[in-house]
Amino acid sequence: MKKKGVILLSVFVAVVAIIAIVAAVTVTLSGEKDSANPTPALAVPKVSKDSQGRPLKEFTITAKPANWTLQPGIQVDALTYDGTVPGKTIKVTQGDHVKVQLINQMNEPVTIHWHGYPVPNGMDGVAGLTQAPVAPKHSFTYDFIAKVPGTYFYHSHYNSSTQVDRGLY
Ligand SMILES: [Cu+2]
């Protein structure tokens, strides 16, 4: 009788210990995920109608340097769209008229290239080819109709091997 009681108590202690360990690991993982890899924020547009009655969604994206935490304890001097890596998610509906004002608050030129998205040539953001790079303290407004659905990626197309690696995507 006494032996059965001891075994039950041991099983109880073991189960409580396992629950405590699982809870601790879950808290640690979710804490790290929140601080180092937050879900990109959704960009909030100004919504109106264009001259042809289409929904017009106007966004502002500011390119700026930021101190970015790659993982707890590791911070880097990043270049960002709106202070986060990656930048905000732009969500629109097929058929929307989209305007994105890019403001450059960095001390080097920058652009936005809409990787794979069909836009008029002058809106494609390839510095030195489809537009002059946006100089420091200047801005440029990308203007296009969202003709096709899908999920795409935007990034700088000025010195992109460095700027994209540093966070401009
Ligand atoms: Cu690209």
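The first residue in the sequence is number 1, and the count goes up from there. On a predicted model such as this, the values are computed, not experimentally measured, just so you know.
With rounding to the nearest 0.5 Å, the separation of CG in D96 from CD in E58 is 12.0 Å. Note that the CD1 atom of I112 and the CD atom of Q131 stand 9.0 Å from one another [nearest 0.5 Å]. Rounding to the nearest 0.5 angstrom, the gap separating the NE2 atom in H97 from the CG atom in L56 is 5.5 Å. One distance of note links NZ of K57 with CG of D50; it measures 12.0 Å at 0.5 Å rounding. Taken to the nearest 0.5 Å, the OG1 atom of T80 stands 10.5 Å off from the CD1 atom of I61.
Side chains of T62 and Q105: a donor-acceptor N/O pair is absent below 3.5 angstrom, by distance only.
With contacts defined as side-chain heavy-atom distances shorter than 4.5 Å, the pair L42/K88 does not qualify. Looking at heavy atoms from C-beta onward, Q101 lies in side-chain contact with S139 at the 4.5 angstrom threshold. Under the 4.5 Å side-chain criterion, counting only non-hydrogen atoms from C-beta, I103 is in contact with T60. Side-chain atoms of S156 and Y169, non-hydrogen and from C-beta on, never get closer than 4.5 Å to each other. Counting heavy atoms from C-beta on, the side chains of Q75 and L70 never come closer than 4.5 Å. Looking at heavy atoms from C-beta onward, V110 lies in side-chain contact with L102 at the 4.5 angstrom threshold. For the pair L168/M106, a side-chain contact is recorded, criterion being any heavy-atom separation below 4.5 Å from C-beta on. Contact of the T84 side chain with the W68 side chain is registered, since non-hydrogen atoms from C-beta on lie closer than 4.5 Å.
Aromatic ring pairs are classed by plane angle as parallel below 30°, tilted from 30° to 60° and perpendicular above 60°; the pair Y152 and Y117 is perpendicular. Relative orientation of the Y142 and W114 rings is perpendicular, given thresholds of 30° and 60° on the angle between their planes.
T69 places no side-chain N or O within 3.5 Å of a backbone atom of Q71 that could act as its donor or acceptor partner. Of the possible polar contacts, one joining the Q94 side chain to the K147 backbone as a donor-acceptor pair under 3.5 Å is found. Without hydrogens or angle criteria, N159 side chain to Q163 main chain gives no donor-acceptor distance under 3.5 Å. In this structure a side-chain-to-backbone donor-acceptor pair under 3.5 Å is present from R166 to D77. For the pair N104 (side chain) and V134 (backbone), a donor-acceptor distance under 3.5 Å is present.
Both V148 and F144 are part of a single hydrophobic cluster, where members link through side-chain heavy atoms under 4.5 Å apart. Both F140 and L79 are part of a single hydrophobic cluster, where members link through side-chain heavy atoms under 4.5 Å apart.
Closest approach of G83 and A66 over heavy atoms only: O-CB, 4.1 Å. Closest approach of A43 to P45, counting heavy atoms only: O-CD, 3.5 Å. Smallest separation of non-hydrogen atoms from D82 and K64: C-CE, 3.7 Å. D124 and H113 get closest at one heavy-atom pair: O-ND1, 2.7 Å. When all heavy atoms of P133 and P109 are compared, the pair lying nearest together is CB-CB, 3.6 Å. Of all heavy-atom pairs spanning A146 and T93, the tightest one is CB-O, 4.0 Å.
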### Task
Determine, step by step, whether D143 and M123 satisfy the side chain to side chain contact (heavy atoms under 4.5 Å, CB included) criterion, reporting the C-alpha distance in whole Å, the side-chain angles of both residues, the deciding distance to 0.1 Å, and the verdict.
CA-CA 7 Å; D143 186 334; M123 298 293 128; 4.1 Å; yes
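Y81 pairs in a ring pair (Phe, Tyr, Trp, His ring centres under 6.0 Å) with only one of the listed residues (Y154, F59, F153), which is Y154.
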